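Throughout, a chain's letter reflects where its sequence line sits, starting with A, and its residues are numbered from 1. Remember, it's a predicted structure, so these values are computed and weren't measured experimentally.
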There are 2 protein chains.
Amino acid sequence: MRFSYQRQKIREIVHNTNSHPTADWVYLEVKKSIPNISLGTVYRNLKQLEEFGDVKTIYDGNIARYDWNTDPHNHLKCKNCGDLIDIVISDKAMYPKIKKDFKFSVDRVEMLIIGTCKKHA
Amino acid sequence: MRFSYQRQKIREIVHNTNSHPTADWVYLEVKKSIPNISLGTVYRNLKQLEEFGDVKTIYDGNIARYDWNTDPHNHLKCKNCGDLIDIVISDKAMYPKIKKDFKFSVDRVEMLIIGTCKKHA
DNA sequence: AACAATAATAGGAATGATTACTATTTATAG
DNA sequence: CTATAAATAGTAATCATTCCTATTATTGTT
């Protein structure tokens with residue numbers, strides 16, 4: 001993978017926001033410094049960055065969001081404001097039981113915890 | 001909500017399959033008995049059935065699937081064949097800690113457990 | 001510095017899932 | 001039987017994402 005200014009900017013933007021942005025949001029953001037960048041470039045680079053292990057894709061309902069935090073973690077989703085909050089939950093404890101009951105080897109657990117955040121208590 | 005033959009058939013189909021079908025699969029299936037049904041009718045009715053509490057929508061990556069099983073449960077997803085297997089996991093134990101650490105009230109937990117099923121061990 | 005090879009881009013067209021629109025049909029209360 | 005409004009079929013529109021292609025830019029080699 002060789003250098004590109006576009007990819008560098010895209011990476012920078014994802015790594016400098018905690019709001020789990022969509023591809024479209026990243027596109028609008030990167031447009032500020034590279035006005036004629038194309039949406040396809042954003043998608044292509046986000047995919048490449050994911051393959052490179054530099055960002056992680058998370059699915060929020062049926063829309064993809066991107067996360068700079070590639071450590072295993074999950075999300076709290078507020079049903080009022082839609083905000084996603086990072087949370088680390090060790091789910092390893094359930095692996096043996098799933099193996100035993102279903103003969104299913106777990107790779108990872110994607111968890112979305114839906115509820116109400118403190119701003120809307 | 002008044003009676004419609006189409007909705008009755010759609011409900012019947014979802015309730016008689018364990019394979020967590022997509023809207024398109026339901027459409028192809030219901031076409032067998034109602035050849036000129038439209039895809040829009042399928043989507044509209046699946047949504048109504050969900051509001052009525054008769055089916056549940058689950059998101060598998062970025063595609064919606066429908067589940068007759070409306071009891072709280074989660075899914076194992078095989079990364080080889082894509083099959084979804086129902087599993088009941090009591091996640092209530094983590095609610096108090098999330099409340100304490102994040103002041104976040106949990107409604108429900110959507111969990112997708114990715115790995116390898118027994119057919120591909 | 002110039003050159004060649006080819007990865008990456010911009011811009012736009014294409015795709016796939018889903019929703020919206022509208023004239024017509026159908027269920028049902030009176 | 002009739003009026004009213006809900007539901008439908010068929011189609012157009014939308015939204016997120018991917019694909020295509022001629023052009024541009026990076027990088028290893030002279």
Side-chain angles (χ1 to χ4, degrees), chain A residues 1-14 17 19-67 75 77 82 84 110 112, chain B residues 1-14 17 19-67 75 77 82 84 110 112:
Chain A
M1 180 161 60
R2 77 187 183 192
F3 174 84
S4 99
Y5 182 61
Q6 287 83 342
R7 186 183 307 118
Q8 179 189 253
K9 267 290 168 195
I10 289 164
R11 183 184 183 285
E12 208 174 277
I13 285 167
V14 175
T17 177
S19 62
H20 307 87
T22 61
D24 200 63
W25 187 91
V26 174
Y27 171 60
L28 294 174
E29 201 62 19
V30 72
K31 250 174 130 69
K32 290 177 186 170
S33 39
I34 312 174
N36 67 334
I37 195 170
S38 82
L39 187 53
T41 297
V42 173
Y43 274 104
R44 183 165 20 79
N45 279 300
L46 285 169
K47 185 167 286 184
Q48 282 180 147
L49 288 169
E50 159 138 68
E51 278 159 17
F52 194 70
D54 231 347
V55 306
K56 197 173 158 185
T57 305
I58 58 184
Y59 288 99
D60 171 17
N62 52 7
I63 182 167
R65 292 180 173 277
Y66 299 88
D67 196 338
H75 299 93
K77 177 177 178 168
L84 294 180
E110 285 177 11
L112 193 60
Chain B
M1 182 161 57
R2 78 186 183 192
F3 175 84
S4 98
Y5 182 60
Q6 287 83 342
R7 185 183 307 119
Q8 180 190 255
K9 268 290 169 195
I10 289 164
R11 183 184 183 285
E12 209 174 277
I13 285 166
V14 175
T17 177
S19 62
H20 307 88
T22 61
D24 201 63
W25 188 91
V26 174
Y27 171 61
L28 294 174
E29 201 62 19
V30 72
K31 250 174 131 67
K32 291 177 185 169
S33 40
I34 312 174
N36 68 334
I37 195 170
S38 82
L39 187 53
T41 298
V42 173
Y43 274 104
R44 183 165 18 80
N45 278 300
L46 285 169
K47 186 168 284 185
Q48 283 180 144
L49 287 169
E50 160 137 68
E51 278 160 17
F52 194 69
D54 230 346
V55 307
K56 197 172 159 184
T57 305
I58 58 184
Y59 289 99
D60 170 16
N62 52 7
I63 183 168
R65 293 180 173 276
Y66 298 88
D67 196 338
H75 299 93
K77 177 176 179 168
L84 294 180
E110 285 178 10
L112 193 61

List the residues meeting side chain to side chain contact (heavy atoms under 4.5 Å, CB included) with Ile34(B), not counting sequence neighbours, and say none if there are none.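 In terms of side chain to side chain contact (heavy atoms under 4.5 Å, CB included), with neighbours along the sequence ignored, Ile34(B) is linked to Tyr5(B), Gln6(B), Lys9(B), Val30(B), Asn36(B), Ile37(B).
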Results of ring-ring contact (aromatic ring centres under 6.0 Å, His included) for His20(A) - residues two or more places apart only =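 Applying ring-ring contact (aromatic ring centres under 6.0 Å, His included) to His20(A) gives His75(A).
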All salt bridge (charged side-chain N to carboxylate O under 4.0 Å, His left out) counterparts of Asp54(A), not counting sequence neighbours
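In terms of salt bridge (charged side-chain N to carboxylate O under 4.0 Å, His left out), with neighbours along the sequence ignored, Asp54(A) is linked to Arg11(A).
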### Query
With Glu110(B), which residues qualify under salt bridge (charged side-chain N to carboxylate O under 4.0 Å, His left out), at least two apart?
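Arg108(B).
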**Message:** Strictly below 4.0 Å: does Gln6(A) bring a side-chain N or O up to OP1 or OP2 of dA10(C)?
**Reply:**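 Checking dA10(C) against Gln6(A), a side-chain N or O does come within under 4.0 Å of OP1 or OP2.
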In B/S/- notation (B base, S sugar-phosphate only, - none; protein heavy atoms under 4.0 Å), nucleotides 12-30 of chain D written 5' to 3' is ----SBB------BBS---
Rounding to a whole Å, what distance do you find between [X]:[atom1] and [N]:[atom2]?
| X | N | atom1 | atom2 | answer |
| --- | --- | --- | --- | --- |
| Ile37(B) | dT11(D) | CD1 | P | 15 Å |
| Leu28(B) | dG16(C) | CG | C1' | 14 Å |
| Ile34(B) | dT25(C) | CD1 | P | 17 Å |
| Glu51(A) | dA7(C) | CD | P | 15 Å |
| Ile10(B) | dT8(D) | CD1 | C1' | 11 Å |
| Arg7(B) | dT28(C) | CZ | P | 10 Å |

Self-check item: Pairs meeting criterion salt bridge (Lys or Arg N to Asp or Glu O under 4.0 Å) with involvement of residues 23-46 of chain B, two or more places apart
Solution: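 Those involving residues 23-46 of chain B are Glu29(B)-Lys32(B).
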Are Ile63(A) and Thr22(A) side-chain neighbours, meaning at least one heavy-atom pair lies under 4.5 Å?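 They are in side-chain contact.
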